[in-house]
Structures are given as C-alpha cells and as structure tokens.
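Contents: one structure, followed by commentary.
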Amino acid sequence: MVSLRDLILAHPDKTIDQLMIADVVSGEVGEDQEDIAKRITRYDLLALPITDQMGCLVGIVTYDDAMDVASEEATDDFHKSAGVTTSVGNLKDATIGLLYRKRVFWLVLLVFGNLFSGAGIAHFEDIIAANLVLVFFLPLLVDSGGNAGSQSSTLMVRAMATGEVVMKDWFKLLGREATVALLLGCTMAAAVSLLGYIRGDSLVALVLALSMVSIVMVGCVIGMSLPFVLSKFNLDPASASAPLITSVCDASGVVVYLYIASQILPGMSMG
C-alpha cells in the first residue's frame with residue numbers, strides 16, 4: 001500500500017518498494033461485515049482492502065460503507081435489547097401486523113418465565129401472611145435487582161460488540177463486577193433498611209438490608225454473565241438485555257428476599 005501523500009512527496013529516484021507498506025491491514029471476502037467495520041474503526045482507515053483466499057485484491061470497503069454497517073448493527077442490537085426479534089425497518093411506515101409479529105415472541109415467552117416469581121411467592125405464603133409488611137417492599141427489592149442486572153448486561157453487551165471483551169475475560173470481570181455489586185448493594189441497603197425500620201422494626205430492617213445486598217449482587221452477576229452464556233451457544237448477546245434480564249432477576253429476587261425473611265422473621269411455616 002502506498003499513500004498519495006508519500007507518493008507525491010517522495011524523491012523522484014525512489015522506487016515503489018521503498019515507499020510501500022508491505023504489512024497491510026486487510027479483510028477477506030468471507031468475513032462478517034461487522035468485523036470489517038470494527039477493523040476500519042480500530043485502525044482509523046479511510047478504506048480497507050478485501051482479498052480472496054489466495055491473498056489477491058478483489059475490492060475495497062470504504063469508511064462510509066463501514067459506518068452504514070455499524071448503524072445497521074447498532075439498530076439491530078437496540079431492537080433485540082428491547083425484546084424485538086428483528087428490525088422493523090422504518091417505524092413510521094411499519095404495519096400493525098409487522099409490529100405485533102416482531103414483539104409477541106419474547107413477551108409471550110417471558111410471561112411463562114414470570115411464573116417462577118409467582119411460584120416463589122406461593123412457596124413462602126406463610127411467612128408473607130405472618131409479616132404483611134414484606135409485601136410493601138417486594139416490588140422495590142425485585143426492581144432493584146432487575147435494574148442492576150440490566151445495567152451490567154448493557155455494559156457487557158456493548159463491550160462485547162466493540163471487541164473490548166472476549167469470552168476468556170469472563171472470570172476476571174466476574175470478580176470486579178461482584179465487588180462493584182457489593183458496594184452498590186450496601187449503599188442501597190442503607191437507604192432501604194431505614195424505611196424498613198420505620199414501616200416495621202429492626203428485624204424487618206435487617207431482612208431488607210441483607211436482601212438488597214444479595215439481590216443486587218445476584219442481579220449484577222446474572223446480568224454480566226448471561227451475555228457470555230448466549231455468546232457461548234452462538235446466540236446474540238444483545239438478547240440478554242432488558243426483558244430477559246428483568247424476568248430472570250425478578251424470579252431470583254423474589255426467592256432470595258422471601259428466603260432471607262423466612263430465616264429471620266417469626267411466623268415461619270416451611271412445611
């Protein structure tokens with residue numbers, strides 16, 4: 001490769017082999033378009049040469065082409081993160097039937113996933129009946145886990161999409177995410193335990209504090225790990241965002257909260 005600048009400014013006696021760059025960044029015709037777009041962005045190229053399996057030049061991909069691809073992929077990821085199966089094209093021109101088909105699959109699937117939350121509540125109905133104050137804090141705690149999990153998932157999906165994070169980084173990131181989740185959980189626990197003491201007593205405050213720390217940690221770990229799991233099975237990590245993460249964290253949060261309550265508060269009847 002020879003740049004126009006080097007060619008114009010070079011001494012007339014120099015040959016091309018003295019000016020050219022032999023170690024050229026390139027792509028192959030069989031590569032995924034998203035990988036090519038990432039390479040152009042990483043090396044700040046105006047164009048990327050594309051070669052065949054024999055290493056012969058067959059064409060180029062320009063920066064403009066790469067940006068179009070990046071825009072398409074980002075739109076696709078946004079749709080998947082909201083539980084929309086595929087792109088709907090121009091939203092203003094989309095028909096009712098198209099919007100229905102693109103959204104119904106995940107919503108119906110997650111309806112059955114939310115049955116686990118109901119099963120958890122039914123299993124601990126005795127402790128709830130004996131301590132009705134628990135019901136007041138149930139949405140608060142469960143939503144906190146879902147919010148924390150969605151944050152972790154969004155950060156991880158984006159990092160995987162840009163190539164900052166790969167599968168082998170999971171274990172290293174797990175420890176850091178658990179530490180961050182612990183700090184977040186303790187901060188949120190301090191606030192919610194005060195409400196628990198006002199609405200109930202010191203035992204309720206203790207249950208809420210322990211539950212908040214546990215639920216936030218579980219939510220963050222699930223949110224961080226689920227994109228890696230989907231990627232391991234060759235599924236799009238973007239599918240791990242909002243609806244799926246929220247449903248998983250809701251179910252786990254209900255169980256964690258009511259289990260901790262059953263171990264601390266009076267009125268247990270586990271059998």
**Asked** Taking only residues two or more places apart in sequence, or in another chain, which ones meet Glu125 in a salt bridge (charged side-chain N to carboxylate O under 4.0 Å, His left out)?
**Response**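 Here no residue qualifies.
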
**Asked** Does the side chain to side chain contact (heavy atoms under 4.5 Å, CB included) test come out yes or no for Ile215 and Val142, once each step is laid out?
**Response** CA-CA 7 Å; Ile215 288 172; Val142 169; 5.6 Å; no

Are [X] and [Y] connected in the hydrophobic side-chain network, where two residues link if heavy atoms are under 4.5 Å apart?
X: Leu141; Y: Val221; value: no
X: Val229; Y: Met160; value: no
X: Ile121; Y: Leu265; value: yes
X: Met156; Y: Phe171; value: yes
X: Phe136; Y: Met188; value: yes

Considering residues at least two apart in sequence or located in another chain, which fulfil the side-chain hydrogen bond (donor to acceptor under 3.5 Å, both in side chains) criterion with [X]?
X: Ser225; answer: Trp170
X: Thr187; answer: none
X: Gln53; answer: none
X: Glu28; answer: none

**Request:** Could you name each residue pair satisfying side chain to side chain donor-acceptor pair (under 3.5 Å) that touches residues 205-216, not counting sequence neighbours?
**Result:**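 Non-adjacent pairs meeting side chain to side chain donor-acceptor pair (under 3.5 Å): zero.
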
Check whether any side-chain heavy atom of [X] sits under 4.5 Å from a side-chain heavy atom of [Y], and report yes or no.
X: Leu134; Y: Tyr257; result: yes
X: Val207; Y: Asn131; result: no
X: Ser252; Y: Ile222; result: yes

What heavy-atom pair brings [X] and [Y] nearest, and what distance separates the two atoms?
X: Leu57; Y: Pro49; value: CD1-CB, 3.7 Å
X: Phe228; Y: Met167; value: O-CE, 3.3 Å
X: Glu34; Y: Asp32; value: N-OD1, 2.8 Å
X: Pro227; Y: Val157; value: CG-CG2, 3.9 Å
X: Leu208; Y: Val192; value: CD1-O, 3.7 Å
X: Cys249; Y: Gly219; value: SG-CA, 3.6 Å

Residues, nucleotides or ligands: over 12 heavy atoms within 6.0 Å of [X] [atom1]:
X: Asp23; atom1: CG; answer: no
X: Leu46; atom1: CG; answer: no
X: Leu9; atom1: CG; answer: yes

**Message:** With salt bridge (charged side-chain N to carboxylate O under 4.0 Å, His left out) as the rule and sequence neighbours excluded, what pairs involving residues 168-178 come up?
**Reply:**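 For residues 168-178, and leaving out neighbouring residues, there are no salt bridge (charged side-chain N to carboxylate O under 4.0 Å, His left out) pairs at all.
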
Supply the members, apart from [X], of the Ile/Leu/Val/Met/Phe/Trp/Tyr cluster built from side-chain contacts under 4.5 Å; use none for a lone residue.
X: Tyr43; result: Val25, Val29, Ile36, Ile40, Leu45, Leu48, Ile50, Val58, Val61, Tyr63, Met67
X: Leu155; result: none
X: Val213; result: Leu182, Met217
X: Leu132; result: none

Rounded distance [0.5 Å steps], [atom1] in [X] versus [atom2] in [Y]:
X: Thr15; Y: Gln18; atom1: OG1; atom2: CD; answer: 3.5 Å
X: Leu140; Y: Met212; atom1: CG; atom2: CE; answer: 5.0 Å
X: Ile260; Y: Leu210; atom1: CD1; atom2: CG; answer: 5.5 Å
X: Ile128; Y: Leu258; atom1: CD1; atom2: CG; answer: 4.5 Å
X: Met224; Y: Gln151; atom1: CE; atom2: CD; answer: 15.0 Å
X: Leu19; Y: Arg5; atom1: CG; atom2: CZ; answer: 13.0 Å

Please report, to 0.1 Å, the donor-acceptor pairs under 3.5 Å made by any side chain of residues 193-205, with sequence neighbours excluded.
residue: Ser193; atom: OG; partner: Ala189; partner atom: O; Å: 2.9
residue: Ser193; atom: OG; partner: Ala190; partner atom: O; Å: 3.1
residue: Asp201; atom: OD1; partner: Leu203; partner atom: N; Å: 3.0
residue: Asp201; atom: OD1; partner: Val204; partner atom: N; Å: 3.0

**Request:** Say whether, by atom type as modelled, one donor and one acceptor occur between the side chain of Asn147 and the main chain of Asp143 under 3.5 angstrom.
**Result:**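 Here the side-chain-to-backbone pair exists.
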
**Asked** Do we see a donor-acceptor contact under 3.5 Å between the side chains of Asp65 and Thr62?
**Response**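 Distance-only check passes for Asp65 and Thr62.
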
